[in-house]
Amino acid sequence: MKFSDIVTIDKDIQSGTPVFKGTRVPIQTLFWHIENGITIEEFLDDFPSVTREQAVQLLELSGKMVSMPKVIQFYETVA
């Protein structure tokens, strides 16, 4: 799974804000929902153009990205 399979960044779509591929829904919207205790099911109800697979893949990919050595190094540098 690649980031580009899940996310589109295009200056002509939401001014270049990263969105779920094939939609105009910013990926940050999913994280905002989760941060505010809103379930994935509720998010999907609010944004039916996003598939469950897209949401789950983004969360899985985000988890992998946070565990990458360069991210850990960055955290140790700024913490």
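Everything quoted here is computed from the prediction, not taken from an experiment.
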Co-membership, hydrophobic cluster, residues Val56 and Ile38, 4.5 Å side-chain:
no
With a 4.5 Å cut-off on side-chain heavy atoms, are Gln57 and Leu61 touching?
no
Please round to the nearest 0.5 Å and tell me the distance separating atom CG of Asp5 and atom CG of Leu58.
12.0 Å
Main-chain N/O of Asp12 paired to Asp10 side chain as donor or acceptor, under 3.5 Å:
yes
Euclidean distance, Phe43 CZ relative to Thr29 OG1, rounded to 0.5 Å:
6.0 Å
Just how far is it from atom CD1 of Ile27 to atom CD1 of Ile6, taken to the nearest 0.5 Å?
9.0 Å
Any link between Trp32 and Phe20 through a network of hydrophobic side chains (Ile, Leu, Val, Met, Phe, Trp, Tyr) touching at under 4.5 Å?
no
Can you list everything that forms a side chain to side chain donor-acceptor pair (under 3.5 Å) with Ser15? Sequence neighbours excluded, please.
none
Residue list, salt bridge (Lys or Arg N to Asp or Glu O under 4.0 Å) with Glu53, at least two apart or on another chain:
none
Closest approach of Ile13 and Thr23, non-hydrogen atoms and distance?
CG2-O, 4.1 Å
Using the rule that two of Ile, Leu, Val, Met, Phe, Trp, Tyr join whenever any of their side-chain heavy atoms come within less than 4.5 Å, decide whether Val19 and Leu44 are in one cluster.
no
Minimum heavy-atom separation for Ala55 to Leu30, with atom names?
O-CD2, 3.9 Å
Mind listing the closest non-hydrogen atom pair of Gln14 and Pro26 along with its distance?
NE2-CD, 4.2 Å
Name the one of Thr51, Thr8, Val7, Val50 that satisfies side-chain contact (heavy atoms from CB on, under 4.5 Å) with Lys21?
Thr8
